[in-house]
Amino acid sequence: MHAYANPTRFLAIARPLTPWLLGLGVLLVLAGAWAGLTQVPGDYKQGETARILYVHVPAAWLGMGGWTSLALAGLIQLVWRHPLSGIAARAIAVPGMLFTALCLATGSIWGKPTWGTWWEWDGRMTSMLVLLFLYAGFIALTNGDDGQRQGGSLSRGAAIYALVGAINIPIINRSVVWWNSLHQGPSITLRGSSIDNALLWPLGLTLLGFSLLFGAIVLMRMRRIIADNRVAARLRRLADEED
């Protein structure tokens with residue numbers, strides 16, 4: 001894990017990897033969107049509105065997966081003091097929040113014709129909204145602490161916040177099982193899928209495509225943070241030399 005603690009070594013991998021993730025992600029998302037809109041039939045109950053699942057499901061996955069990764073980075077920061085863990089957490093927070101917001105927006109759009117309402121305070125929607133607020137709180141916390149002046153590392157409070165917020169992830173996952181809800185139950189589990197295979201295959205394309213785009217965005221943000229840190233370090237050295 002510490003082999004890539006050196007930012008120069010990390011950047012040697014991140015720079016060439018970023019355009020590959022970005023390009024392949026865009027191609028897969030476009031292919032999945034084309035297939036989902038033109039190559040599969042409408043759902044037998046929900047008709048054409050069910051096609052929004054090809055965006056909604058990846059957005060939900062990445063909102064939850066983003067916080068899981070953020071919490072893991074916080075744990076690494078607390079235990080091993082890995083130099084890049086705080087940078088990774090900061091880089092994950094904004095795209096994680098954006099995908100969570102996209103999940104809520106597409107869910108509301110899907111819910112209006114299906115449930116007859118834009119919003120319902122059921123377990124799944126409420127816990128996803130809590131996740132959005134958790135992201136916003138983490139971003140505000142990391143922007144307000146002194147981590148930016150410490151090479152991008154997280155403060156102890158921010159790292160603990162990330163770990164405590166992870167409690168919400170299993171709540172989101174199990175909310176449709178634990179509470180009576182308008183939201184449908186688990187559609188894809190380890191036992192299989194309740195979605196017909198004729199509708200399911202484009203979801204694999206968009207899920208992988210959006211995941212690759214998420215990875216590309218995180219790498220780009222990490223590279224920018226490292227560049228900003230290096231500029232700040234040079235300015236400090238120049239200021240010290242002038243003094």
I'd like a table of donor-acceptor pairs (distance under 3.5 Å, sequence neighbours excluded) in which one partner is a side-chain atom from residues 68-76, with atom names and distances.
from, atom 1, to, atom 2, distance (Å)
T68, OG1, M64, O, 3.0
S69, OG, G65, O, 3.0

- prompt: Is there a path from I217 to I13 through hydrophobic residues (I, L, V, M, F, W, Y) whose side chains come within less than 4.5 Å of each other?
  reply: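 No, I217 does not connect to I13 through the hydrophobic network.
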field: Single-linkage hydrophobic cluster V130~M128, side-chain heavy atoms < 4.5 angstrom
entry: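 Yes, because V130 and M128 connect within a single hydrophobic cluster, where side-chain heavy atoms sit under 4.5 Å apart.
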Sort and list the pairs that fulfil side-chain hydrogen bond (donor to acceptor under 3.5 Å, both in side chains) and have at least one residue in [range], not counting sequence neighbours.
{"range": "residues 103-113", "result": "Q46-W110, H56-T106"}
{"range": "residues 22-32", "result": "none"}
{"range": "residues 10-23", "result": "T18-R223"}

message: Run the ring pair (Phe, Tyr, Trp, His ring centres under 6.0 Å) test against F138 and tell me which residues pass, sequence neighbours left out.
response: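 Expected list: none.
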message: Among residues at least two apart in sequence or on other chains, which ones pass ring pair (Phe, Tyr, Trp, His ring centres under 6.0 Å) with F214?
response: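 Here the qualifying residues are F99.
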- prompt: Would you say Y135's side chain and G63's backbone share a donor-acceptor pair under 3.5 angstrom?
  reply: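 Yes, because the side chain of Y135 sits within donor-acceptor range (under 3.5 Å) of the backbone of G63.
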- prompt: Distance-only, no hydrogens or angles: does the T126 side chain make a donor-acceptor pair with backbone N or O of G123 under 3.5 Å?
  reply: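 Between the backbone of G123 and the side chain of T126 there is no qualifying donor-acceptor contact (under 3.5 Å).
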- prompt: Which heavy atom in L134 sits nearest to a heavy atom in Y161, and how many Å separate them?
  reply: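 Looking at all heavy atoms of both residues, the closest pair is O-OH, 3.0 Å.
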task: Mind listing the closest non-hydrogen atom pair of A136 and M97 along with its distance?
output: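 That would be CB-CE, 3.8 Å.
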Is the shortest heavy-atom distance from the side chain of [X] to the side chain of [Y] under 4.5 Å?
{"X": "L205", "Y": "Y54", "value": "no"}
{"X": "L102", "Y": "L62", "value": "no"}
{"X": "P58", "Y": "L208", "value": "no"}
{"X": "I226", "Y": "L84", "value": "yes"}
{"X": "W121", "Y": "L129", "value": "yes"}
{"X": "N168", "Y": "S127", "value": "yes"}
{"X": "I92", "Y": "R221", "value": "no"}
{"X": "V94", "Y": "I139", "value": "yes"}

task: May I ask you to check whether over 12 heavy atoms, not counting those of R156, lie within 6.0 Å of atom CZ?
output: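 It does not: R156 CZ has 12 such atoms or fewer within range.
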Name each donor-acceptor pair under 3.5 Å that joins a side chain in residues 21-40 to protein atoms two or more places apart or in another chain, with its distance.
from, atom 1, to, atom 2, distance (Å)
W34, NE1, T38, OG1, 3.4
T38, OG1, W34, O, 2.6

Who are the side chain to side chain donor-acceptor pair (under 3.5 Å) partners of [X], not counting sequence neighbours?
{"X": "S211", "value": "W61"}
{"X": "S175", "value": "R124"}
{"X": "R224", "value": "D228"}

query: Under the side-chain contact (heavy atoms from CB on, under 4.5 Å) test, which residues partner I109, sequence neighbours left out?
result: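 Result, side-chain contact (heavy atoms from CB on, under 4.5 Å) vs I109: I52, W118.
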message: Suppose the criterion is salt bridge (charged side-chain N to carboxylate O under 4.0 Å, His left out): which pairs have a residue in residues 211-220, not counting sequence neighbours?
response: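 Residue pairs with at least one partner in residues 211-220: there are none.
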query: Going from CD1 on I172 to CD1 on I167, what distance comes out if it is rounded to the nearest 0.5 angstrom?
result: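 The distance works out to 12.5 Å.
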field: Point-to-point distance, once rounded to the nearest 0.5 Å, from CD1 of I160 to CD of Q77
entry: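 Result: 11.0 Å between the selected atoms.
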field: Worked verdict on R90 versus L154 for side-chain contact (heavy atoms from CB on, under 4.5 Å)
entry: CA-CA 8 Å; R90 293 173 184 273; L154 296 179; 4.2 Å; yes
field: side-chain contact (heavy atoms from CB on, under 4.5 Å) between N229 and I225, intermediate numbers included
entry: CA-CA 6 Å; N229 290 340; I225 294 171; 3.8 Å; yes
Criterion side-chain contact (heavy atoms from CB on, under 4.5 Å) on L163 and L78, from CA distance to verdict: CA-CA 10 Å; L163 288 172; L78 285 173; 3.5 Å; yes
